[in-house]
Enquirer: 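Quick one: the structure is below, and I'll ask about it shortly.
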Amino acid sequence: MPDHPLPAADAPPHPSLGEALRYWLRLGCISFGGPAGQIALMHEELVRRRRWISERRFLHALNYCMVLPGPEAQQLATYIGWLLHGTAGGIAAGALFVLPSLLLLIGLSWVYMAFGQLDWVAGLFYGVKPAVTALVAQAAWRIGQRTLRNAWLWGLAGLAFVGLALLQLPFPAIVVGAGAAGWALGRWRPALVGAGGGHGSVKDEAHRPTVIDDHSPLPERARFRWPRLARQLALALVLWVLPFGLLWAWQGASGPYTQMAWFFTKAALLTFGGAYAVLPYVTQAAVTQFRWLSPGQVMDGLALGESTPGPLIMVVAFVAFVGGWQSEALQAGWAAVVGQEWAALAAGTVAALLVTWFTFLPSFVFILTGAPLVEATHQDLRITGPLTAITAAVVGVILNLALFFAVHVIWPQGVAGVVDAAALLLTVAAGLALIRFKRGVLEVVGLCAILGMVWRLLGA
């Protein structure tokens, strides 16, 4: 018996696992444009062209993914892969969404660390730093337009900005405080944090039969069962504890790999609002607490993340690679295994692989354990008061990150030093191109990189 009931006569045939794998791999290679672009790609291909899933079921899955921490586009791919082919399909869809980006970022990170001192390479990254500053400012502008619907939400965004910029509060405290404020507002003034906007509602194409339509019953393997949930959670715990325990036994609690595993596990559980919301948390810890890399290197990594396919949160692989490459302790350990010549590359590559595992494991757990319960309800999920408030606070968090980047780009020797006029001009021009003239990310980053390279080669 097939996993799903046979579709209607004029519906497309149920795709084979091999056909689905080819699609998910292709998606992982072309998924530029951030989460909005990636979701749009999946909608166009899966709902409109291939008709593997109906409009309502697609939006139902998306609504669930939007209220989870983690990269919503990757989680949506995992969810739809699970609907089509069960656990194996979900794992394959989510993994293939990430794998091309991971391999490409490891390669680019190696080029960056090995050849970044060459004039033309340094010039490229000199040009992309202003573009990245403008990109972060654009993210605050875009999310603010969608989220800040009243003075209370504006106030939460302002408090989050002040809390980070002036009071130096940790990011988790901002999230907890905003969630508490949203809960209080939802209880006493629900209209202020009520659901609004969202991803829009495209007309349901109910008259176009799909493989999984609005009335497709779930196969037995996908039905919610408490014993199954317990087994899945136990397995997930083992998949986290086993590698973390091995790292602890190898390096101890203060070892670089152990610290990375623990930190990025926490980061994965705090990424409400998308990658730009967690980047301040990652930047604050990676630069000031652990000193894995510099602010300029974070901006370079964000530029690479924006310019490659896959979820933007993959910038964590760059952060880990650079942190591993620059760690004297890790290099010394790997030199005894692979030789001094390859020690830095081995340290960085293993760091990137480990961090990717600990960052994305929670996303798979959320989908594979939660999707059966969500499908059993078949009710649209709404953004609750706490999540609305957290999203509002995220605007202030992202604006603080833009300020942090701008200070290091425009005043490279500190605010008491000389203004870098060329960097200031590029930052303003990139901001206008993105926000006012709606130019594409790759176009703006690429042009700024070329201008930076020319500027450096001219000896300016």
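Computed from a predicted model, the values in this text were never measured in an experiment.
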Enquirer: Short question: side chain of H85, backbone of L21 - any donor-acceptor pair under 3.5 Å?
Expert: no
Enquirer: Please give me the minimum heavy-atom distance between G90 and F364, naming the atom from each residue.
Expert: O-CE2, 4.0 Å
Enquirer: So W154 and V395, do their side chains get closer than 4.5 Å, heavy atoms only?
Expert: no
Enquirer: With no hydrogens and no angle check, is any side-chain donor or acceptor of Y257 less than 3.5 Å from a backbone partner on V350?
Expert: no
Enquirer: Treating T258 as the side-chain partner and S254 as the backbone partner, does any N or O pair qualify as donor plus acceptor under 3.5 Å?
Expert: no
Enquirer: Of all heavy-atom pairs between L105 and V315, which one has the smallest distance, and what is that distance?
Expert: CD1-N, 4.4 Å
Enquirer: For W141, does the CH2 atom have more than 12 heavy-atom neighbours from other residues, nucleotides or ligands under 6.0 Å away?
Expert: no
Enquirer: Within the 4.5 Å heavy-atom criterion, are W292 and V322 side-chain neighbours or not?
Expert: no
Enquirer: Under 3.5 Å, is there a donor-acceptor pair linking the side chains of Q297 and Q326?
Expert: yes
Enquirer: Output the distance between atom CZ (F244) and atom CH2 (W262), rounded to the nearest 0.5 Å.
Expert: 6.5 Å
Enquirer: What is the minimum heavy-atom distance between A389 and G182, and which atoms define it?
Expert: CB-CA, 3.4 Å
Enquirer: Step by step, work out the side chain to side chain contact (heavy atoms under 4.5 Å, CB included) result for L46 and I80.
Expert: CA-CA 9 Å; L46 299 179; I80 296 175; 3.8 Å; yes
Enquirer: Kindly write out the residues that satisfy side chain to side chain donor-acceptor pair (under 3.5 Å) with Y281, not counting sequence neighbours, or none if the list is empty.
Expert: none
Enquirer: Please say whether more than 12 non-hydrogen atoms of neighbouring residues, nucleotides or ligands are located less than 6.0 Å from CH2 in W250.
Expert: yes
Enquirer: Answer yes or no: is there a donor N or O on one side and an acceptor on the other, between the side chain of S101 and the main chain of P309, under 3.5 Å?
Expert: yes
Enquirer: With F264 as reference, evaluate T356, V319, I313, L354 under the side-chain contact (heavy atoms from CB on, under 4.5 Å) test and give the passing residue.
Expert: V319
Enquirer: Are any of the side-chain heavy atoms of I91 and L368 separated by less than 4.5 Å?
Expert: yes
Enquirer: How about Y112 and F318: are their ring centroids closer than 6.0 Å?
Expert: yes
Enquirer: Does a side-chain heavy-atom distance below 4.5 Å link W357 with L239?
Expert: yes
Enquirer: With sequence neighbours left out, write down each residue that passes side chain to side chain donor-acceptor pair (under 3.5 Å) with S363, or none if nothing qualifies.
Expert: Q75
Enquirer: For the backbone of A253 and the side chain of Q259, can you confirm whether one donor and one acceptor N or O come within less than 3.5 Å of each other?
Expert: no
Enquirer: Q289 side chain to A286 main-chain N or O, any donor-acceptor pair under 3.5 Å?
Expert: no
Enquirer: For the residue pair W82 / T87, report whether a side-chain donor-acceptor contact shorter than 3.5 Å exists.
Expert: no
Enquirer: Would you name the heavy atoms of L169 and Q284 that are closest together and state the gap between them?
Expert: O-NE2, 4.1 Å
Enquirer: Do L302 and L135 have side chains that approach each other closer than 4.5 Å (heavy atoms only, starting at C-beta)?
Expert: no
Enquirer: Output yes when a side-chain donor or acceptor of Q232 lies under 3.5 Å from a complementary backbone atom of V365, and no otherwise.
Expert: no
Enquirer: Excluding sequence neighbours, so at least two apart, what forms salt bridge (Lys or Arg N to Asp or Glu O under 4.0 Å) with R22?
Expert: none
Enquirer: Could you tell me if the side chain of P362 sits less than 4.5 Å from the side chain of W240, heavy atoms only?
Expert: no
Enquirer: Which heavy atom of I39 sits nearest a heavy atom of F58, and at what distance?
Expert: O-CZ, 3.9 Å
Enquirer: With a 4.5 Å heavy-atom cut-off, do I174 and L159 have their side chains touching?
Expert: no
Enquirer: Nearest heavy-atom pair of R51 and R48: which atoms, and what distance?
Expert: CG-O, 3.9 Å
